[in-house]
Every structure is written in C-alpha cells, then in structure tokens.
Amino acid sequence: MTLSPLNQRRWRNFRRNGRAFWSLIIFSILFGLSLFAEFIANDKPILVKYRGEFYTPIFNFYPETEFGGDFQTEAIYRDPEVQCLIDSGGLESCFDDPEGIIDEIKASTFQADGFERGWTIWPLIPYSYNTSVDRPGAAPLPPNSQNLLGTDDTKRDVLARVIYGFRLSILFTLVVTGVASLIGIFAGAVQGFFGGWLDLIFQRIIEIWSATPSLYVIIIMFAILGRSFWLLVALMILFGWTGLVGVVRAEFLRARNLEYVRAARALGVGNMTIMFRHMLPNAMVATLTFMPFIVTGTIGGLASLDFLGFGLPSSAPSLGELTLQAKQNLQAPWLAFTAFFTFAIMLSLLVFIFEGVRDAFDPRKTFS
C-alpha cells in the first residue's frame with residue numbers, strides 16, 4: 001500500500017520527531033509483549049508432551065485424569081504429583097513420592113508402557129495474575145529471584161499483575177477513546193457545519209449531559225447489573241464522547257464559510273463529503289491536540305475507579321487496585337514504586353506519541 005504524498009510528509013515529520021518516534025517503538029514493544037501475556041506469565045505450561053501426544057493447557061481445559069490422575073477437575077500443573085505423572089507417563093508410584101520419582105526420571109532415560117517420558121514448557125514467569133505464590137512469610141513479600149517485583153497482600157506476583165494490568169488498561173483506553181472520539185467528532189462536525197437551531201439544541205443537551213454526575217451513575221449501574229469490563233467501557237463512552245465536541249464544533253464553525261467550502265457547495269458536492277473529506281482534515285490538528293488529555297484521562301479514570309472500588313471486577317488485574325494496595329501497605333515500598341513507574345512510563349510514552357502525531361498533522365510544523 002502506497003501512501004499519498006500528504007501522508008508521506010506526515011510520516012516523515014513524525015519520524016523526525018525523535019522523542020515521539022522512539023516512544024512509539026518502545027510502547028509498541030511493551031504493548032506487543034503484553035498481548036502475549038499468557039505466554040510470558042502463567043501458572044499453566046505453554047506445551048505439554050504426555051505419552052507421545054501434545055497438549056496446550058493455556059488454551060484448553062484438561063482434567064487431571066487426562067494425565068493419569070484421579071480427579072475430573074482441571075490439572076494443577078505446578079503440583080509435584082501432576083508433574084510426576086506427566087514426566088513418567090502416568091505411573092501410580094508418583095503418588096508415593098512424587099518429588100523423588102521426578103528426580104529419578106530426570107536422571108534416567110525412563111520409559112513407561114512403551115511411551116517416551118513427558119515434558120513441559122513453562123512461561124518465563126510461572127505465575128498468572130491471580131496465582132497465589134507458595135513462599136513462606138507474611139504477605140506482601142519483598143522482591144527476590146522468584147518474584148522480581150515481590151507479591152501483593154494476597155501473595156500474587158506483582159510482575160505478572162503489571163503485565164496483565166498494562167494490557168487491560170491499554171485495551172480499555174483504546175476502545176473507549178476510539179469510540180468516544182468518533183462519536184464526539186461526528187457530533188461536533190454536525191453542529192459546526194449546520195449551525196442554527198440544530199447547534200443550539202445540541203449545545204443545551206451537551207450542557208445537561210456534562211453536568212450529570214458520572215460516578216454516581218456508574219455506582220448505580222454496577223449495583224444493578226454487577227461490575228464487568230464491557231459495562232464499564234459502555235459507561236465511560238457514554239460520558240466521555242463530549243470531550244472533543246467543543247473543539248471540533250469550533251473548527252467547523254470557523255471553516256464553513258471559507259472559500260473552498262463555498263466552492264464545493266457551488267459545485268454540488270454533498271454535505272457529508274464536504275464535512276469529512278475537506279473540512280475534517282483541517283480540523284485534525286486541533287482535535288489531536290486534545291487527544292493526549294483524553295487518553296491520559298481515560299487511563300486515570302479507570303485507575304481512579306479501581307482505586308475507589310467501583311471499577312473493574314475484583315478478580316481483574318488492575319493497576320488502580322495495585323495503587324490501592326500500595327496505599328494500604330506502606331511497609332511494602334515495592335508496591336508504590338511499581339505502581340508509580342508503571343503509570344509514569346505508560347502515560348509519558350502515550351503523551352509523546354500523540355504529541356508527535358499532532359505535530360505531523362500540522363502543516364506549519366517541520367523538523368530538521
């Protein structure tokens with residue numbers, strides 16, 4: 001796909017903005033890795049070979065009986081007995097001394113019933129965001145070689161929760177910001193282009209809607225329907241779409257009487273074509289100027305709701321909940337440092353990226 005000359009100039013301007021370009025690279029790497037969080041931090045193996053067959057526990061449910069155990073519940077792969085069953089091909093003697101049998105199997109070329117011994121491939125971090133760490137001591141536990149960022153007050157690995165929480169925060173922000181921005185841009189464009197009574201009525205509606213206490217509505221809806229990711233997304237979009245209406249409306253009010261708009265009308269060009277093909281690109285600089293504030297505001301809003309206990313379900317990996325734990329456990333400074341640096345790095349990268357995008361769309365900006 002070949003970019004148009006205008007978009008090529010924009011891309012060159014963005015690349016010449018070193019801070020924005022390198023922020024995009026770093027953010028893309030971090031976000032790309034977080035998309036594969038199940039392969040990086042998980043209490044289930046990535047791949048299991050048992051009696052010549054391959055299993056993928058991170059994608060599928062396998063009962064313990066599948067590996068020669070006694071229970072129909074999902075296999076606990078970190079259990080020494082389950083590990084022994086996999087390695088030995090289902091020997092019953094595993095239940096007598098599983099750790100000893102594992103050592104014996106690893107030290108030999110053991111085969112059971114004609115099958116090769118099994119093996120497992122584990123993620124780099126053998127904990128998921130909700131896995132309890134088996135370490136002695138009172139939680140929260142400090143960092144060590146087993147838990148690089150320590151554990152929280154319920155003995156869950158902090159690094160695993162940061163990886164999953166980072167992905168959840170970014171996906172939440174992308175969905176909310178994208179949909180809310182589309183609605184806000186469309187509403188502002190319609191108001192500014194047509195003006196008159198339509199603009200007047202819309203402004204009064206927006207004023208009333210903006211004065212609605214969103215936090216109270218979210219609390220009431222959660223009390224009725226229960227907390228869920230998509231419900232919170234819908235509510236955040238419902239109250240966030242007005243953010244760009246004002247600036248887009250102002251740009252369209254300014255541009256609707258310019259010569260190129262009058263010429264397009266005289267040539268019989270449709271209103272929608274004039275609005276979104278000719279006028280909207282000229283309003284993008286002002287629109288993108290506000291985008292970093294919307295993005296950071298969405299992340300901050302999610303973290304604030306989680307901090308107050310009115311955000312995502314308690315079982316979800318939440319950076320706001322990590323911040324709350326840092327506040328409640330001042331004797332565990334690693335929680336506060338982790339929460340601070342996670343938010344600082346994430347928000348700084350996003351702000352730098354959107355600043356670069358804004359400058360790339362500005363025809364007056366050039367970079368040497």
Side-chain angles (χ1 to χ4, degrees), residues 1-37 40 162-186 188-189 236-237 240-241 243-248 250-251 255 276-277 279-304 319-320 337-368:
M1 180 178 176
T2 304
L3 296 176
S4 65
L6 178 60
N7 288 327
Q8 290 180 10
R9 183 192 67 81
R10 290 169 176 168
W11 172 243
R12 286 195 301 269
N13 281 348
F14 182 82
R15 288 202 60 176
R16 290 169 183 166
N17 188 336
R19 184 174 64 184
F21 181 67
W22 284 107
S23 295
L24 177 63
I25 292 177
I26 296 172
F27 178 81
S28 299
I29 293 173
L30 294 177
F31 183 55
L33 290 175
S34 72
L35 291 177
F36 299 94
I40 300 173
V162 167
I163 295 173
Y164 282 90
F166 178 84
R167 179 179 67 177
L168 186 64
S169 296
I170 297 301
L171 291 176
F172 178 88
T173 301
L174 291 177
V175 173
V176 172
T177 303
V179 177
S181 297
L182 289 176
I183 297 173
I185 289 173
F186 181 80
M236 293 290 283
I237 293 173
W241 65 272
L244 286 177
V245 172
V247 62
V248 176
E251 288 295 315
F276 296 106
R277 181 177 294 180
M279 297 178 68
L280 183 59
N282 294 323
M284 285 303 295
V285 175
T287 303
L288 292 172
T289 301
F290 281 83
M291 197 64 72
F293 302 103
I294 296 176
V295 170
T296 55
T298 303
I299 295 176
L302 175 62
S304 300
L319 298 179
F337 284 122
T338 301
F340 171 77
F341 283 109
T342 301
F343 278 112
I345 293 172
M346 177 170 56
L347 295 177
S348 297
L349 292 175
L350 288 170
V351 169
F352 293 155
I353 291 170
F354 278 103
E355 283 183 352
V357 173
R358 176 200 64 193
D359 293 340
F361 273 81
D362 190 348
R364 298 167 296 179
K365 288 277 187 177
T366 57
F367 298 92
S368 57

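These figures come from a predicted structure and were not determined experimentally.
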Query raised in the report: With a 4.5 Å heavy-atom cut-off, do Phe14 and Asp359 have their side chains touching?
Result: no
Query raised in the report: So, for Ile185 and Val248, which heavy atoms are closest and what is the spacing to 0.1 Å?
Result: O-CG1, 3.6 Å
Query raised in the report: Heavy-atom distance under 4.5 Å between the side chains of Leu30 and Leu349, does that happen here?
Result: yes
**Report entry** More than 12 heavy atoms from other groups under 6.0 Å of CZ on Phe36
**Finding:** no
Requested in this report: Compare all side-chain heavy atoms of Met236 with those of Phe172 and state whether any distance is below 4.5 angstrom.
Outcome: yes
Query raised in the report: Is there a donor-acceptor pair closer than 3.5 Å between any side-chain N or O of Ser169 and the backbone N or O of Phe166?
Result: no
Report task. Could you label the plane-to-plane angle of the Phe186 and Phe276 rings as parallel, tilted or perpendicular, counting under 30° as parallel and over 60° as perpendicular? Result -> parallel
Requested in this report: State, yes or no, whether a side-chain contact exists between Leu24 and Ser28 at a heavy-atom distance under 4.5 Å.
Outcome: yes
Report task. Flag the pair Ile170 / Met346 as yes when at least one side-chain heavy-atom distance between them is below 4.5 Å, and no otherwise. Result -> yes
Query - Flag side-chain contact, heavy atom, 4.5 Å: Asn17 against Glu355 - result: no
**Report entry** Val179 side chain near Leu182 side chain, heavy-atom distance below 4.5 Å
**Finding:** no
Requested in this report: Please step through side-chain contact (heavy atoms from CB on, under 4.5 Å) for the pair Thr173 and Leu302, ending with a clear verdict.
Outcome: CA-CA 9 Å; Thr173 301; Leu302 175 62; 5.7 Å; no
Requested in this report: Would you check if Val351 and Thr296 make a side-chain contact, meaning some heavy-atom pair closer than 4.5 Å?
Outcome: yes
